[in-house]
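A, B, ... follow the sequence lines: proteins, then strands. Residue 1 opens every chain. Please read these numbers as outputs of a predicted model, since none were measured by experiment.
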Amino acid sequence: MILNREFYQRDAVAVAKDLLGKVLVHETNEGITKGLIVETEAYMGTKDAAAHSYKSNPSGRTNVQYKEGGYAYIYLIYGMYYCMNIVTNEINIPEVVLLRALEPVDGIELMKKRRGTDKMINLCSGPGKLCAAMGINKDNYGMDLCSNQLYLEEAAVKNPIEVVASKRINIDYAGEAKDYLWRFTIKDNKFVSVKVK
DNA sequence: CGGAAGATTTCT
DNA sequence: GAAATCTTCCGA
């Protein structure tokens, strides 16, 4: 079952927690890939010094963040890797959830081909890696997650999930915001990206 | 218009 | 521990 618009129209922290255990699906010409979300981070727009939308105009790269929840915010980092975010909350509230790690579910051969590795644990354990494995790039920027190409769905089997909150990764420049516990992971899941502080 | 820096990954 | 590599943003 595909998650509906209402799911995304809440604050980013609530959505980030609820996204754990959901499945990200991307249908392409090459085939379909699915991954179980095991790690997320919330970025709370104007209240968060680490967010892209904290100090920039509601135009350019962050434009889509100001839409209502349920859209894909894709950006290129360090000139080499894409990161996928999910826009949350209402119109004109620039809050997003960064997807940091997935557990591969479907289309694993395709993921291996895209990533150039056979190691399951290495396919999606990081923001740049999961985008490469899922075939996500700037063409997906602003895509509606309530449509049928790139979307999220409930996991086929719902196992009980234990959520762990921790500090976010690689945002030391963000002042006091770097200590906010807005990173969420599934406890003891081995597909979570390895960097832990 | 030019420069600096970044939600990262990979190899040494 | 450092390089790879390019878009975006800010200051002049």
ask   = Quick one: is the NZ or CZ of A:K138 closer than 6.0 Å to the six-membered ring centre of A:Y141, and within 45° of its axis?
value = no
note = Here the distance between atom P of B:dT8 and atom CG of A:L123, to the nearest Å, is 19 Å
key: 5'-most by nearest nucleotide on DNA chain B - A:R115 or A:Y173   = A:Y173
request  = Compute both the distance and the angle, then confirm whether A:R168 meets the cation-pi test with A:Y43: under 6.0 Å from the six-membered ring centre, within 45 degrees of the axis.
outcome  = yes
ask   = Just how far, in rounded Å, is C1' of B:dT10 from CD1 of A:I77?
value = 16 Å
note = Per atom distances to the A:M80 side chain, the nearest of B:dT8, C:dT5, B:dT10 is C:dT5
Would you list the protein and nucleotides 7-12 of chain C atom pairs, both N or O, that sit under 3.5 Å from each other?
| from | atom 1 | to | atom 2 | distance (Å) |
| --- | --- | --- | --- | --- |
| C:dC10 | OP1 | A:K55 | O | 2.7 |

ask   = Is it the case that more than 12 heavy atoms not belonging to A:Y54 sit under 6.0 Å from its OH atom?
value = no
remark   = Separation of B:dT8 atom P from A:Y78 atom OH, nearest Å, is 5 Å
remark   = Taken to the nearest whole Å, CG/A:L98 to C1'/B:dT8 is 11 Å
inquiry  = Quick check on contacts: within residues 83-97 of chain A, what sits under 4.0 Å from DNA chain B by heavy-atom distance?
reply    = A:N85, A:V96
task = State, to 0.1 Å, how close A:V87 and A:Y8 come at their nearest heavy-atom pair, and which atoms those are.
result = O-CB, 4.1 Å
query = How close or far is atom P of B:dT9 from atom CD1 of A:I169, stated in whole angstroms?
reply = 10 Å
task = Would you kindly give the CG-to-C1' distance between A:N122 and B:dT9, to the nearest whole Å?
result = 9 Å
query = A:Y73 near the nucleic acid: base, sugar-phosphate alone, or nothing, with a heavy-atom cut-off under 4.0 Å?
reply = base
Transitive ILVMFWY side-chain link A:V38 to A:I161, under 4.5 Å = yes
message = Here's a test for you: under side-chain contact (heavy atoms from CB on, under 4.5 Å), which of A:M44, A:K167, A:K17, A:E41 qualifies with A:W182?
response = A:M44
ask   = Can you tell me if A:E162 uses its side chain to pair, donor with acceptor, with the backbone of A:I186 under 3.5 Å?
value = no
query = Partner of C:dT5 by Watson-Crick or G-U wobble geometry, both contacts under 3.5 Å, or none?
reply = none
inquiry  = For a side chain to side chain donor-acceptor pair (under 3.5 Å) check, start with the C-alpha distance between A:T185 and A:E39, then their side-chain angles and the critical distance, and finish with the verdict.
reply    = CA-CA 4 Å; A:T185 55; A:E39 179 177 1; over 6 Å; no
query = So which heavy atom on A:F191 is nearest to which on A:L102, and how close?
reply = CB-O, 3.8 Å
